[in-house]
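Down below is the structure, laid out as structure tokens.
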Amino acid sequence: MNGVDPLRLQAFLLALSQLDVALSKDLHQSIQMIGVALASDQTNVEPQIEAVLQQHYRLRELYDEAYEKLKQQPPDQQQSALKPDYLPLLTHEMAVPILVAEDFPNAAREVAKQAQQVPDLPYAARWFSLSLQRAVENGDAKTFAVLKALEKRPLSVKGLVYVVGLTMDQIWPIVQSLWQKGYIDRVTTNIIYKIFPMLKDRQITGQSIDAETYLTLTARGHFYLHPVLSLGSQKDRR
């Protein structure tokens, strides 16, 4: 495992964990092939990582930010990442599940969650799992910002760009994900579908959304945004 640079691999994973713009199918598959290579103990993956970064400006930006932060770690923390017991753990138990996933942030969330449940996890792995968790939460904050904006009033995708302060490239993947999950819908949609979005085929109707489409929160989106409030309301009704 000596061929793997833990600092660069960690930066790449952190970038994927908070990626907020879409990847092409080909690029996504290229990243998955890096995971496959690591799973089979092929350690010379840096050229593959660099090739991916060169093809996606936002991923490169997030990677550079993560790498600079990792380089600013205290020396003892950096040294802990080089210990023999950490590199196999980083590659097989943390990197591979994220890299081969269909949804990188969700996979990172699961890796971080599982790592925190291991009592004797090496210091470097525990620290990195917390970094993964923070990276995912950073991406989640943007999703919540979109939901909160739509909770106040219906907005078009263009309107969300100005209200939330994200670019169109960042807004689109969030909107599409929320649409597929039934958390948001078109303002013109029948009220029954707003309350029960699972009755509708999101894959088909999602094609009708464009930058001018006005969107609003569904009941499911409201409960996702306010889970504690929803549970409290249920207790009050008992």
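For R60 and E65, the salt-bridge test fails: no basic side-chain N is under 4.0 Å from an acidic carboxylate O. Under the 4.0 Å criterion applied to side-chain N and carboxylate O atoms, E68 and K71 are assigned as salt-bridge partners. A salt bridge links D20 to R58: at least one charged side-chain nitrogen sits closer than 4.0 Å to a carboxylate oxygen.
Counting only heavy atoms from C-beta outward, the side chains of P6 and L87 approach each other to under 4.5 Å. For the pair W172/Q176, a side-chain contact is recorded, criterion being any heavy-atom separation below 4.5 Å from C-beta on. Annotation: side chain of T91 is not in contact with side chain of D41 (no heavy-atom distance under 4.5 Å). The closest side-chain heavy-atom distance from L215 to L155 is not below 4.5 Å. The shortest distance between side-chain heavy atoms of L23 and H56 falls below 4.5 Å. In this structure, the side chains of L90 and L13 come closer than 4.5 Å at one or more pairs of heavy atoms. Residues V4 and L38 meet the side-chain proximity criterion, which asks for heavy atoms closer than 4.5 Å.
For residues 113-137, no residue pair satisfies the ring-ring contact (aromatic ring centres under 6.0 Å, His included) rule, not counting sequence neighbours.
Cluster annotation: V146 and V136 are assigned to distinct hydrophobic clusters (Ile/Leu/Val/Met/Phe/Trp/Tyr, side-chain heavy-atom contacts under 4.5 Å, transitive). L14 and L130 end up in different hydrophobic clusters when Ile, Leu, Val, Met, Phe, Trp and Tyr side chains are linked at under 4.5 Å. Linking ILVMFWY side-chain heavy atoms closer than 4.5 Å, directly or via other members, places L150 and Y224 in a single hydrophobic cluster. Both V52 and V45 are part of a single hydrophobic cluster, where members link through side-chain heavy atoms under 4.5 Å apart. A chain of hydrophobic side-chain contacts below 4.5 Å, direct or via other Ile, Leu, Val, Met, Phe, Trp or Tyr residues, connects L217 to L166.
In K142, the NZ atom is crowded: over 12 heavy atoms of neighbouring residues, nucleotides or ligands sit closer than 6.0 Å.
Taking both residues in full, the closest heavy atoms of G35 and V96 are given as O-CG2, 3.7 Å, listed atom of the first, atom of the second, then distance. The minimum heavy-atom distance between L132 and A108, with the atom names listed, is CD2-CB, 4.3 Å. Nearest heavy-atom pair across V157 and M168 is CG1-SD, 3.6 Å. Nearest approach of L160 to V175, heavy atoms of both residues: CD1-CG2, 3.9 Å. Of all heavy-atom pairs between A15 and Y63, the closest is CB-N, 3.6 Å. Here the closest heavy-atom approach between residue A22 and residue P173 is recorded as N-CG, 3.5 Å.
Remark: K181 NZ to T218 OG1 distance equals 12.0 Å, nearest 0.5 Å. Rounded to the nearest 0.5 Å, atoms CD1 (I171) and OH (Y162) are 12.0 Å apart. A distance of 7.0 Å separates CG in L59 from CG in L27, rounded to the nearest 0.5 Å. For the atom pair CG of D5 and CD of Q10, the computed distance is 9.0 Å after rounding to the nearest 0.5 Å. Note: I49 CD1 to S30 OG = 12.0 Å, rounded to the nearest 0.5 Å. Summarising the geometry, atom NZ belonging to K69 is positioned 9.5 Å from atom OG belonging to S131; distances are rounded to the nearest 0.5 Å.
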**Request:** For side chain to side chain contact (heavy atoms under 4.5 Å, CB included), just list the numbers for K152 and V163, CA-CA rounded to whole Å, side-chain angles, deciding distance to a tenth of an Å, and then say yes or no.
**Result:** CA-CA 11 Å; K152 293 180 180 178; V163 172; over 6 Å; no
**Full working for side chain to side chain donor-acceptor pair (under 3.5 Å) between T143 and D140** = CA-CA 5 Å; T143 298; D140 288 344; 5.2 Å; no
**Message:** One pair to check against side chain to side chain contact (heavy atoms under 4.5 Å, CB included): F12 and L53. What are the steps and the verdict?
**Reply:** CA-CA 9 Å; F12 190 55; L53 294 174; 4.0 Å; yes
**Prompt:** What's the verdict on side chain to side chain contact (heavy atoms under 4.5 Å, CB included) for Q116 and R126, showing C-alpha distance, side-chain angles and the deciding distance?
**Reply:** CA-CA 7 Å; Q116 293 305 310; R126 186 168 299 280; 3.6 Å; yes
**Asked** Please walk me through it: do F104 and Q18 pass side chain to side chain contact (heavy atoms under 4.5 Å, CB included)?
**Response** CA-CA 8 Å; F104 299 126; Q18 56 188 318; over 6 Å; no
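Side-chain N/O atoms of Q32 and E102 include a donor and acceptor closer than 3.5 Å. In this model, a donor atom of one side chain and an acceptor atom of the other lie less than 3.5 Å apart for E137 and Q133.
Looking only at distances, a side-chain donor or acceptor of S40 sits under 3.5 Å from a matching main-chain atom of A37. Although no hydrogens or angles enter the test, the distance criterion places a donor-acceptor pair under 3.5 Å between the side chain of Q73 and the main chain of L70. For the pair H28 (side chain) and A101 (backbone), a donor-acceptor distance under 3.5 Å is present.
Ring centroid separation for the pair Y183 and H222 does not come in under the 6.0 Å cut-off.
R8 forms a cation-pi arrangement with Y67, by the criterion of a distance under 6.0 Å to the ring centre and an angle within 45° of the ring axis.
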